[in-house]
Amino acid sequence: MMEHPELPPLARSRAALGLTAAAAVGRFELQVCCSCSAVQYPPREACHRCLSSRLDWRLQDGRGELLSETTLLHSHHEFFRTRLPIRLGLVRLESGPTAVVYVHGRVSGAPARVRIEAHLDKAGRAALVALPEHGLTRMGDPQVTDQGYLREMTCDPKGRKVLVTETTGAVGLALVRELIDAGADTVWAGYGTHARVAEASGVRDLAANGRQVRLLTLDVASDVSVRDAARLVGGEVDILINTAEGRGSPATPGGAVDPARTEMEIDYFGLLRLAQAFVPLMRASAATAHSSVTAWVNLLSIHALSSLPARSAFSAAKAAAYSHSQALRARLQSSGIRVVNVFPGPIDDESDRDLPPPKLAPTTLARAMVRALTEGVEDLYPGEVAQDGYARWRDNPKVLEREIAG
Amino acid sequence: MTTLQRFGYDNVAVAVPVTVPYVRYSPHGAHWFVARALEGVLSASGLSKAELDGLCLSSFTLAPDTAVGVTQHLGLWLRWLDHIPMGGASGIVALRRAARAVQSADATVVACVAADTNQVDTFRNTLGSFSRFAQDAVYPYGAGGPNGSFALLTARYMQQFGARREDFGKLCSAQRDNALRFPYALFKKPLTLQEYMEARPIAEPLHLFDCVMPCAGAEAFLVMTRPRAADLGLPFAEVLATLERHNAFPDDPVQIRGGWLLDRDELFAQAGVRPHDIDVLQTYDDYPVISLMQIEDLGFCAKGEGAEFVRSHSLTIEGDFPVNTSGGQLSVGQAGAAGGFLGLTEAVRQVTGTTLGTAVPNARLALASGFGMINYDRGLCCGATILAGQGGK
């Protein structure tokens, strides 16, 4: 694996990537032996106690004791050399293993009670962090820590410049509000040129009443519009949140082509256009010193994972966008820019009024998206429907297909 | 079940300790240092290359080769070959393997060699791929290398047993004093306690002089039967006892003791001596804390009393408890796996009266100890041997 001087080390064994997979959804999981229940760390191929190879990844409470700590003032890796001093510790987890971890500045000196969390580092690999046993949910808040290497594990919007591509809908509008509440420095609120004045009135009001919100003409279905927007703000964007959706276009039970084209034009080709115009600019600015470029967020759907037949074109467009987001994630990894995917179920807004409850309130969704950024989560399944769908999909995607078909 | 008595090492001789002078950086590959070491043992013993039929090799920088590639590279035709990837325990383990080979006559003369080169990027490049657990669970955390791992062990040891930096400083300063009389030591200036204390911090509580300096070089010795050594007219050391233990005390949450503790009673029983009979001690000393653990776990004092032991003894060559009489790795340098041979070659020299520096008067019994491979949060390989000889003057 190639070492990249601007990123923490990338190389991991396949077993160790299990820790990363859990951290991507905000969970601290370790392998637990199915035969003797021994908890394993570092990740391995067989149980260190009974040699069984049946190891399951299971959620951990992370409680433990900081036994020993050090402050690194020298590193062999370029990424860390510019981030010294680095506080490290040895933590004995109550579940058994000892872990080498980063230690948050709010933890008192060893010995101390701590809680371990797994977070994605700037390379998108899981790293363990010891936090005070109680409280402290915004690890990356610049007012809480001057440990840059910990802040870089989150994408906290505080003090950052954010572009929300579509804000005439209820979700985009709620998101602008939440970002301001979270302390964003600037929010560019995109709205399509075709948007009726009434539809854009909410965000116009916000722009009129607060200095942080700036309106930006942006239609993701138009090459010219996307290019113009990128030229205007692309070099300054720290977080891009793509909320543009074709959601709500008429259903295509007979497979009608035109509405499907509309969905694809916005959800899939729209993402492609944004990527083409913004990625080079964001990567260039991420490569500069003291850059705060940190995340690219896609509003997808739980039906990107498994089609909802009543909304087949919508599901297909979201699946296409999801697929491209994975390519985007691979491409942005070397710049340390995190791609965050959001997979909600039905939303309680105009576009999903035909769908049965339970539905997710736009404000709740927006809040969850901002929390995903502050906590450094990479894949978000907000709300009960999304959580249920995600659990079923993980358990058995084929069974889920039949369940949805009815 | 009856317990079998371990075979002794009667008839085994360790001879011709060789050091290939250390350099901070070298343009040569590890094979070059292996060749220099073999040349050294052959010329000092008067043996020809054809008479060498066994090789036991340790190196971190041979890749993509192992000992196998070295046979063709250097034109050796051997009937016994071993490659020991145990870092700081390699010397002791090589001696154990080679001793059994010559006792069984599977080989008649075995060269034990540890050789490593050091180029500007060598050390850094070995860190990320040192072990799977290091790659997965240590290197991504600040890439501090062994400094970070030993800082955590040292901090815990100090906290638990009340050791102070001054205690480590006394040991480092004494070793430097010894090194000033050893021609191959890379450090040529005295180290005062004040200089030690005021050195720049590397990874708290470790400062500069707590950390070995990576370099290039090689160490080697020959193992053969005593009659063979006598025929060749070589001064030799007798092997009285050995121990080897890997991943001892796996349930300890943090390493405060090593595998020596499990087997030291058997070691001294096999040798028929007691700790206070030992004339000179060579510990594995990439960081001073591990020397204190060896002093404790090998029975020179009780657990946790290493610091007090250091305070109450003089550790230089003239002292009442001479430790690391060539200066140890902390003052000579750490030539990769050769760091695991340095104490052993010096022990052989002390008991055979062939020192390059200053001899501990009448040193007839030496204990050399090894410690290797910080695989994850602790060192896994421990070894030790007690050697006897006629001593120097």
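Just so we're on the same page: letters track the sequence lines, and every chain starts at 1. Because only heavy atoms are used, hydrogens play no part in the values below, and waters and symmetry mates are left out as well, while side chains stay in.
- Residue contact with chain B, scored on non-hydrogen atoms closer than 4.5 Å, involves the backbone and the side chain of A/Arg44 alike.
- Summarising the geometry of A/Ala11 relative to B/Asp136, their closest heavy-atom pair is O-OD1, 4.4 Å, with the distance given to 0.1 Å.
- When the candidates A/Leu17, A/Leu19, A/Val100, A/Leu84 are compared by the number of heavy-atom contacts under 4.5 Å with chain B, A/Val100 comes out ahead.
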Exercise for review: Apply side chain to side chain contact (heavy atoms under 4.5 Å, CB included) to the pair B/Arg156 and A/Leu90, showing each step before the final yes or no.
Suggested key: CA-CA 9 Å; B/Arg156 176 65 180 195; A/Leu90 271 183; over 6 Å; no

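- Without hydrogens or angle criteria, A/Thr70 side chain to B/Leu152 main chain gives no donor-acceptor distance under 3.5 Å.
- When all heavy atoms of A/Pro43 and B/Phe133 are compared, the closest pair comes out as O-CE2, 3.6 Å.
- The greatest number of non-hydrogen atom pairs below 4.5 Å with chain B, out of A/Arg83, A/Arg92, A/His74, A/Glu65, is found for A/Arg92.
- Between chain B and the residues A/Pro111, A/Ala16, A/Pro42, A/Ala15, the largest count of heavy-atom pairs under 4.5 Å involves A/Pro42.
- Residue A/Tyr102 comes nearest to B/Pro140 through the heavy atom pair OH-O, 3.0 Å, listed as atom of the first residue, atom of the second, then distance.
- A side-chain donor-acceptor contact under 3.5 Å links B/Tyr376 to the backbone of A/Thr98.
- Within the 4.5 angstrom heavy-atom criterion, atoms from both the backbone and the side chain of A/Leu88 approach chain B.
- Residues A/Tyr41 and B/Ala137 approach most closely at OH-CB, 3.5 Å, considering heavy atoms.
- Relative orientation of the B/Tyr139 and A/His77 rings is perpendicular, given thresholds of 30° and 60° on the angle between their planes.
- No donor-acceptor pair under 3.5 Å is formed between the side chain of B/Tyr141 and the backbone N or O of A/Gly89.
- With a 4.5 angstrom heavy-atom cutoff, A/Ala99 touches chain B via backbone and side-chain atoms both.
- Smallest separation of non-hydrogen atoms from A/Leu72 and B/Ala203: CD2-CB, 3.7 Å.
- Of all heavy-atom pairs spanning A/Glu69 and B/Ala155, the tightest one is O-CB, 3.6 Å.
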